Amino acid sequence: MLKRYRYKSLLMTGLAVYMSLIAFPSYATKEVTIAVYSNFSSLDPYDTNDTLSQAMAKSFYQGLFGFDQDSKLVNVLADSYTVNEAGTEYTIFLRKGIKFHDETDFNADAVKATFDRVTNPDNHLKRYNLFSRIINTEVINSYTVKFTLNQPFSAFINTLAHPSAVIISPTALAKYGKDIAFHPVGTGPFVFTEWNATDYVKGKKFDQYWKKGLPKIDTIIWRPIIENNTRAAMIQTGEAQFAFSIPYEQAKLLEKNDKLVLVSTPSIIARYISLNVTKKPFDDVRVRQALNYAINKEALAKVAFAGYATPIRGVVPAGVDFAVDYGPWPYDPDKARELLAEAGYPTGFSTVLWSSYNHTTAQKVIQFIQQQLKQVGINVAIEAMEVGQRVARVESVPSVDDAEVKMYYTGWSSSTMESDWAITPLLATSSWPPKMYNTAYYSNPVVDEKLQQALLTNDRETKKILYKEIQDQIWADAPWIFLLGDKQLYVHSKNLTGMSVMIDGSFYFEDIDLH
Amino acid sequence: MHTNGSTTIDVTSASQGQVRTPWREFWRKFKRQKIAVVAASFILLLIVVAIFGRWLAPYDAENDFDYMLINEGPSMAHWFGVDALGRDIFSRILIGTQLSLTAGFFSVALGAVVGTMMGLMAGFYGGWWDRITMRISDVLFAFPGMLLAIGVVAIMGNGMINVIVAVSIFSIPAFARLVRGNTLVLKNMTYIEAVKSIGASNWTIIMRHILPGTVSGIVVYFTMRIGTSIITAASLSFLGLGAQPPTPEWGAMLNEAQADMMIAPHVAIFPSLAIFFTVLAFNLLGDGLRDALDPKLDQK
């Protein structure tokens, strides 16, 4: 009897403890965990070229300009700007009363310190090329700063809105120097607390954030979870409240879960295979066109992306300023064989396809390409590279003669939303690795020339004509196999609001909240 | 007539029974073990599939695809279903049998030959040769097999041949130890002394008189080891170090199945079952062989 009573009281106590525990969270701090698809390469937005790291760094940093939820250009730390007649001088008027996390005032000196750092080639920052047009950053007064460019550059404000163009606390820059990558100090909604390289990046609410009432949550945790199934599992168990990206294969499964919201949004991320035009047989335009004809893009969308992708319709992704729509490159294996025969490869050839990603979707893509090209007689050996291999064997190869890359599956997000950044880094002669990402080693003087001209004018009509001619030429030369624009899939728990994935694959989380 | 006939048979069997060749003796004991016989039959079937798979497979394992049927489950047309790239899984498993068996057999064979030679030498000569061999074996044993194999493949590069070499390397110490132990026992036997006394060379003694005595142990271990090696080779392919796409190696198929197994479990189940049954069959056969070959077990 006694034993029984004891058992009962124990059970009651246990229950009470349990109740208090589950009741607790509603008063607890609001903590949001965001599971993302890749490791962060750096917390210094100027020294990384992956969208994800920059998007995450927006927890701590802000730019002068930015894009809102609908990818519209908006003022952030800048209040307004003027540009001189020649288009070479941009005067930016700054917002007042903003503080960095370390109590330093945000002002013109901070802007100057930030841009002087990136425009100094001795600092070897990865984003140097994006800002190399700035020849001088001048403090006019405390809240006015003037950028002088080496030539007119009509897309300059877009450049300042690029996710990497953030303002760093000058005090922190002086204190940490190169180590700023490990101690981000900005004006953003969260104060950096901890970075455990492969595990998480943590930030806590910045109490003196200049936008009143924000952020609404206390802690933000970014967790790189590389394995697709693990990431999808984390959102289902509640370990994470937001997961990006979601494996396409699991979209149907997650859609059925009534605690979660699955969202698919368009992207400006274009997937393509660059063909090294300096190497046989890709030096022949007929071969390059044949490869484009040989791939069934609709089927690829189905096989690798579970239908969440659409064939590319031009050189520049739709949605980016001055993009020209040619319609998808038709799938016609007979034509492909014909062109190959004309080019002197009636029985095909053997080659190598590298992938710049090694996730499962990319693995499927390259296997699919292998399967498709086999149909027209081309034997492809495939290899998916991890980041280190990719940098060593493709991106930092010193010269074209050392380049071993033949076919290279990769993608590009035109984060400034205009055509120059969608074409120049990938196809201009000046962008050959190791400078930029022209992995096709494509070089066309006419294209180079017109790209320059387009930047020199502020007249939209002239720009439109120039960019059309450029895209016509590239589409005809086919230095890439134009594949797909993928849709982005992400999942968040029902009680999370105010966070979304933007068209360029970065995040909007200004109003993030947990209910 | 009838009586005569049966008498004749009795006589024959009796006279044969008197000539108990090791082979006959083995067969007598082996066929009593039903499970081992079933396992052996399954392995024979696998060997047939491995040889004739190319003609047995209903579809081309690499180049027949149907994008309308991606991840479809088993059906009359596709017994094991269709994979994420629209290929027939049944055909891929049939073709894959050859790769797995070849990898399993050759990696163990290579390890067995080298290991046996090392073991014979170590056991027979003893001394520094014995110590070196056994210390090398200890070092190799200390590594987890998989890690060692990954290390070897990392140095030599990806590919099936390198996987075979990698797996064989970690089979070596096991055979060396086994054979050394047997050799130590055998070399002190009276018949070896007899052979020595008539002036046979060491080589003759090792190859003609000691090696045959260690064979039963080798055969048992060999069979068991094939199972392990198939798993290791498949694991290496699973990690992307072995067979490269689109080769239908079972481990590589599992690797490819990862993304889809939540929505289409059959893409992972069938290659897993193929590995499971094959390895199980080799292990059961190994058990049966041990029972049939071990003279100590005969006494009960």
Side-chain angles (χ1 to χ4, degrees), chain A residues 226-233 236 245-257 295-307 331 352-355 358-386 389, chain B residues 59-73 81-89 91-92 95-96 150 153-154 157-162 237-249 251-269 271:
Chain A
I226 296 160
E227 218 284 306
N228 267 339
N229 288 332
T230 315
R231 200 178 326 113
Q236 290 177 77
S245 60
I246 286 301
Y248 298 108
E249 295 86 1
Q250 291 195 26
K252 281 204 184 77
L253 209 69
L254 291 167
E255 222 168 13
K256 285 184 208 142
N257 190 325
I295 310 290
N296 183 347
K297 291 105 196 157
E298 295 283 348
L300 173 61
K302 214 178 134 187
V303 167
F305 298 87
Y331 169 56
V352 182
L353 166 63
W354 290 347
S355 166
N358 56 1
H359 51 68
T360 42
T361 306
Q363 304 267 11
K364 278 191 181 175
V365 170
I366 56 178
Q367 288 189 36
F368 176 87
I369 300 292
Q370 184 181 45
Q371 205 173 49
Q372 291 270 296
L373 292 183
K374 179 86 185 164
Q375 306 304 308
V376 296
I378 302 170
N379 288 309
V380 184
I382 55 178
E383 188 179 345
M385 303 194 195
E386 43 94 17
Q389 288 176 306
Chain B
Y59 299 89
D60 181 329
E62 291 174 16
N63 294 313
D64 276 357
F65 47 83
D66 186 345
Y67 298 138
M68 300 311 289
L69 298 176
I70 293 166
N71 286 334
E72 282 290 311
V82 179
D83 74 1
L85 283 156
R87 298 170 299 202
D88 180 49
I89 296 178
S91 305
R92 288 178 67 75
I95 302 293
I150 290 175
V153 173
N158 296 351
M160 230 29 215
I161 302 280
N162 294 347
S237 290
F238 176 79
L239 295 173
L241 301 170
Q244 297 298 312
T247 316
E249 207 274 342
M253 286 174 73
L254 277 180
N255 180 15
E256 286 164 32
Q258 279 183 93
D260 301 275
M261 64 183 186
M262 302 293 266
I263 48 159
H266 68 273
V267 296
I269 288 174

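Every value quoted in this text rests on a predicted model; they were computed, and no experiment measured them. In what follows, every chain begins at residue 1, and chains take the letters A, B, ... in the order their sequences are listed.
Of the listed residues (Q375(A), E227(A), Q363(A)), the one with the most heavy-atom contacts under 4.5 Å to chain B is Q375(A). For the set I70(B), I263(B), L85(B), the entry with the most heavy-atom pairs within less than 4.5 Å of chain A is L85(B).
Closest non-hydrogen pair, T360(A) versus A259(B), comes out as CB-CB, 3.9 Å. Across every non-hydrogen atom of P245(B) and Q370(A), the tightest pair is O-NE2, 3.1 Å. Nearest approach of I382(A) to Q244(B), heavy atoms of both residues: O-OE1, 4.3 Å.
Within the 4.5 Å cutoff, side-chain heavy atoms of F368(A) are placed close to those of Y67(B). A heavy-atom distance below 4.5 Å is not found between the side chains of K252(A) and M262(B). Residues Q371(A) and R87(B) meet the side-chain proximity criterion, which asks for heavy atoms closer than 4.5 Å.
At a 4.5 Å heavy-atom cutoff, the contact between K374(A) and chain B is made by side-chain atoms alone.
Within 6.0 Å of CD1 on I161(B) lie no more than 12 heavy atoms contributed by other residues, nucleotides or ligands. With a 6.0 Å radius and a threshold of 12 heavy atoms from other residues, nucleotides or ligands, E383(A) has its CD atom above the threshold.
A distance-only check finds a donor-acceptor pair linking the side chain of N229(A) to the backbone of Q258(B) [under 3.5 Å].
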